[in-house]
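Report on one structure; see the data block that follows.
Protein chains get the first letters and strands the later ones, always in sequence-line order, with residue 1 at the start of each. Note that this is a predicted model, so its numbers are computed, not measured.
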Amino acid sequence: MEPRFYNTLSRQLETFQPIEAKKARMYHCGPTVYARPHIGNYRAFLFADLLRRFLEHLGYEVLQVMNLTDVGHLTDDADDGEDKLQAQAARDKIDPWVLVENISKLFFADLDALGVQPAHHYPRATQHIDEMVEMVQKLIASGHAYRVGDNVYFDVHSYAPYGKLSGNKVDELEAGARLEINTEKRHPADFALWKSDPHHIMKWDTPFGEHGFPGWHIECSAMSRKYLGDHFDIHTGGEDNVFPHHECEIAQSVCATETPFVNLWMHTKFLQVDGGKMSKSLGNVYSLDDLAERGASALDFRFLILRAHYRGSVNFTFEALTAAVESRRNLHDFRGRLSAAAGDTEAPALESGAVFEAQQSFMSALCDDLNTSAALASIFSLRTHFLKEGLSAADAAAALHFLDHTVDSILGIFGNTTGDTDELRDGDVEALLLERTQARADKNWARADAIRDELASAKIVLEDGPDGLHWHRA
RNA sequence: GCCGGCAUCGCCAAGUGGCUAAGGCAAUGGAUUGCAAAUUCAUCAUCCCCAGUUCGACUCUGGGUGCCGGCUCCA
């Protein structure tokens with residue numbers, strides 16, 4: 001089954017065709033490390049992780065790069081614009097370099113909690129100044145960029161396809177511009193490659209002047225090129241990156257290298273909160289800690305995100321979060337029941353039946369532009385089938401293997417299910433159950449409940465049913 | 001003002017020009033139960049509004065309304 005993905009550039013689904021057979025090189029626009037990323041940011045990063053895991057499951061050798069923007073961009077396009085990283089550092093009364101370190105640590109801790117597999121490289125803008133300068137020089141030499149004093153701008157008229165990704169037209173950009181016109185640019189849509197300001201703290205001495213710093217977009221062009229080559233497979237980001245960021249990247253990279261840049265552009269929709277956007281004024285910009293206060297783990301949030309398709313808007317509410325917690329718990333419970341039903345049986349390869357059908361629909365849903373919502377539905381359908389009609393030990397073993405080696409390796413929603421070194425062994429459980437049964441016969445409810453609590457803390461679930469006692473691990 | 005996207009059950013969310021519009025969570029009634037949990041049976045939408053195309057539309061077209069995004073750093 002060949003995966004198909006939606007390409008923002010072509011505005012249609014395309015069968016994935018890697019540049020090199022069985023290899024996928026991809027770049028993700030990462031965070032600007034001036035404040036801890038919020039849950040909306042993490043939607044995009046969770047998507048990148050899903051894509052990577054899925055491609056690897058299909059047998060691709062993936063090379064994944066995510067940048068850390070550790071030099072601030074200007075808050076506007078005027079010469080006296082403020083750098084938000086520098087501004088935040090000033091508010092915190094710390095050095096911007098320290099701020100970058102602090103926030104980066106928080107970011108990586110969050111990624112770890114979310115079960116995101118580390119990218120192969122996390123290049124930082126400030127460590128690639130040389131690569132950026134080289135690229136800017138090339139653009140000047142080839143006539144795509146021009147200097148005005150110590151500033152350098154890209155001439156959008158020098159690259160005819162400018163606007164193709166976003167659907168913008170250069171003339172209309174000018175008409176709708178809300179910015180004050182920067183009179184030193186030849187055209188209002190021209191964008192900065194390099195800026196200079198003696199008041200900046202983070203600045204570099206380069207051929208363009210001694211107080212310069214990179215423009216808004218050049219870091220991604222320079223760093224993707226360094227780690228992935230001039231031409232690579234996939235570039236992702238949030239929908240807000242489409243314009244101007246990715247549009248500008250394409251123009252810079254194609255003009256500087258004179259080769260194609262990226263084949264597949266993928267973008268995630270924004271996360272909404274209570275039907276609207278997150279905003280500081282509404283107080284609904286949440287971090288993972290805010291969710292933890294409501295009893296939801298980072299993996300619960302991951303699950304919540306995966307329940308929706310990445311290109312659709314997701315409406316985050318605490319009610320939906322609670323539902324995700326419950327739903328994921330039920331999935332965990334399902335896994336435990338399968339484990340109990342499978343016993344020591346080895347997982348066979350299947351060619352028919354409910355488990356086989358679940359495997360098929362799961363994979364075909366993901367191949368259809370990563371439709372995680374439909375993929376999860378196939379697992380819940382299998383759960384319903386198991387609960388209503390049961391599964392043979394062999395089928396249960398196959399289902400368990402499917403959950404662990406396909407579902408979880410791609411979706412990463414179960415967490416550590418194998419770290420059970422200090423759990424009770426089956427024999428100990430049976431002994432306690434025997435004692436509890438006796439206690440119940442003696443109507444010693446206190447002892448019976450104490451044993452149940454003890455087992456519960458070891459993540460053993462008991463069920464007293466009309467047909468006797470069953471137990472399984474949660 | 002100019003571009004683009006979305007609008008499906010209480011909440012979240014798939015999907016299709018035509019059999020019964022996935023799935024999750026919540027809810028309601030019954031069974032089971034020392035209590036609880038779990039389970040179990042049953043119930044739970046006609047797809048924002050209006051007009052049109054069509055034998056037939058929730059699915060296509062036009063208009064309206066609402067929300068989201070881009071045009072400005074932002075996942």
Residue A:Asn41, side-chain heavy atoms: nucleotide from B:A75, B:G34, B:G70 that is nearest: B:A75

Atom C1', compared across B:G5 and B:C9: separation rounded to whole Å: 24 Å

Picking from B:C35, B:G23, B:C12, the nucleotide nearest the side-chain atoms of A:Arg452 would be B:C35

Which part of the nucleic acid, if any, lies within reach of A:Gly237 when heavy atoms closer than 4.0 Å are counted: base, sugar-phosphate only, or nothing? sugar-phosphate

Measure the distance from CG on A:Leu165 to P on B:G70 and round it to the nearest whole Å. 14 Å

Of A:Lys388 and A:Ala374, the one whose closest RNA chain B nucleotide lies more 5': A:Ala374

Nearest whole Å is fine: how far is B:G5 P from A:Lys277 NZ? 19 Å

Spell out yes or no: do the side chain of A:Asn241 and the base of B:G70 have one donor N/O and one acceptor N/O closer than 3.5 Å? no

Taking atom C1' in both B:U33 and B:C47, what distance in whole Å separates the two? 41 Å

Out of B:A13, B:A75, B:A14, whichever nucleotide has its closest atom nearest the side chain of A:Asn371: B:A14

Measuring from the side chain of A:Ser373 (C-beta onward, heavy atoms only), which nucleotide among B:G34, B:C12, B:A14 has the closest atom? B:A14

Watson-Crick or G-U wobble partner for B:U32, using a 3.5 Å limit on both distances? none

Across the strands shown, which category fits A:Ala377 at heavy-atom distances under 4.0 angstrom: base, sugar-phosphate, nothing? base

Checking only heavy atoms, does the side chain of A:Arg329 share a donor-acceptor pair with the base of B:C25 at less than 3.5 Å? no

Interatomic distance, A:Gln272 CD vs B:G5 P [rounded to whole Å]: 16 Å

P-based separation of B:A21 from B:U16 [nearest Å]: 15 Å

Let me see the working for A:Asp290 and A:Arg294 under salt bridge (charged side-chain N to carboxylate O under 4.0 Å, His left out), right down to the final yes or no. CA-CA 7 Å; A:Asp290 294 321; A:Arg294 306 283 187 127; over 6 Å; no

Which nucleotide in the list B:A13, B:C68, B:C35 gets nearest to the side chain of A:Arg436? B:C35

Please report, rounded to the nearest Å, how far the P atom of B:G24 is from the CG atom of A:Leu382. 12 Å

Between P on B:A7 and CZ on A:Arg311, what's the gap in Å once rounded to a whole number? 12 Å

With a 4.0 Å cut-off on heavy atoms, is A:Arg11 in touch with a base, just the backbone sugar-phosphate, or nothing at all? nothing

Across all strands, who's sitting opposite B:C6 as a Watson-Crick or G-U wobble pair, both distances under 3.5 Å? B:G66

Under 4.0 Å, heavy atoms only, any strand: does A:Val325 hit a base, just the sugar-phosphate, or nothing? nothing

Rounded distance in Å between the P positions of B:G1 and B:G64: 12 Å

Side-chain atoms of A:Ser381 come closest, of B:G34, B:A75, B:G23, to B:G23

A:Asp449 with A:Arg436: basic N within carboxylate O range, under 4.0 Å: no

Which part of the nucleic acid, if any, lies within contact of A:Arg337, taking any heavy atom under 4.0 Å across all strands shown: a base, the sugar-phosphate backbone alone, or nothing? sugar-phosphate

Give the rounded distance in Å between these two atoms: NZ of A:Lys269 and C1' of B:C6. 7 Å

Between B:C25 and B:A13 - P atom distance, rounded Å: 16 Å

Looking just at side-chain N and O atoms, do A:Ser104 and A:Asn102 make a donor-acceptor pair shorter than 3.5 Å? no

Contact nearer the 5' end of RNA chain B, comparing A:Cys29 with A:Leu376: A:Leu376

Is the shortest distance from a Lys or Arg side-chain nitrogen in A:Asp369 or A:Arg4 to a carboxylate oxygen in the other one below 4.0 Å? no

Remember a base hit wins even if backbone is also touched, and classify A:Met278 as base, sugar-phosphate or nothing at under 4.0 Å, heavy atoms. base

Classify the nucleic acid contact of A:His267 as base, sugar-phosphate or nothing, counting any heavy atom under 4.0 Å across all strands shown. nothing

When you look at A:Arg329 and A:Asp333, which way does the salt bridge (charged side-chain N to carboxylate O under 4.0 Å, His left out) test go after all the steps? CA-CA 6 Å; A:Arg329 185 177 296 158; A:Asp333 179 78; over 6 Å; no

Once you apply the 3.5 Å cut-off to both distances, tell me the Watson-Crick or G-U wobble partner of B:G1, or none. B:C71

Any heavy-atom pair between the side chains of A:Phe191 and A:Tyr153 that's under 4.5 Å? no

Watson-Crick or G-U wobble mate for B:C55, both contacts under 3.5 Å: B:G18

Find the partner of B:C44: check Watson-Crick (N1-N3 plus N6-O4 or O6-N4) and G-U wobble (N1-O2, O6-N3) distances, both under 3.5 Å, and reply none if neither fits. none

Basic-acidic side-chain contact under 4.0 Å: A:Glu219, A:Arg124: no

Using a 4.0 Å heavy-atom cut-off across all strands, classify A:Pro37 as base, sugar-phosphate, or nothing. nothing

Presence of A:Arg383 side-chain N/O under 4.0 Å of B:U39 phosphate oxygens OP1/OP2: yes

Using a 5.5 Å cut-off between ring centres and planes within 30 degrees, is A:Phe45 stacked on the base of B:A75? no

Check the phosphate of B:A13 against A:Asn315, side-chain N and O only, distance under 4.0 Å to OP1 or OP2. Yes or no? no

P atoms of B:U59 and B:U46, separation to the nearest Å: 16 Å

Checking side chain to side chain contact (heavy atoms under 4.5 Å, CB included) against A:Val65, which of A:His121, A:His120, A:Met26 comes through? A:His121

Classify A:Lys443 by what it touches in the nucleic acid, base, sugar-phosphate, or nothing, heavy-atom distance under 4.0 Å. nothing

Gap in Å between the two P atoms, one belonging to B:C12 and one to B:A26, rounded: 15 Å

A:Asp289 and A:Arg36 ion-paired at < 4.0 Å: yes

With a non-hydrogen cut-off below 4.0 angstrom, is A:Leu271 in contact with a base, only sugar-phosphate, or nothing? base

Using a cut-off of 4.0 Å on non-hydrogen atoms, how would the nucleic acid contact of A:Gly312 be classed: base, sugar-phosphate, or nothing? nothing

Taking atom C1' of B:C74 as reference, at what distance in whole Å does atom NE2 of A:His246 sit? 12 Å

Kindly say whether, by distance alone, the side chain of A:Arg307 makes a donor-acceptor pair under 3.5 Å with the base of B:A14? no

Salt-bridge test for A:Arg335 and A:Asp404: reply yes if a basic N is under 4.0 Å from a carboxylate O, no otherwise. yes

Picking from B:A75, B:A14, B:C71, the nucleotide nearest the side-chain atoms of A:Phe243 would be B:C71

Please report the distance separating the C1' of B:G56 from the corresponding atom of B:A37, rounded so that it comes out in whole Å. 50 Å

Is A:Phe270 stacked on the base of B:A75, with ring centres under 5.5 Å apart and planes under 30° apart? yes

Grab the NE2-P distance between A:His217 and B:G70 for me, whole Å please. 14 Å

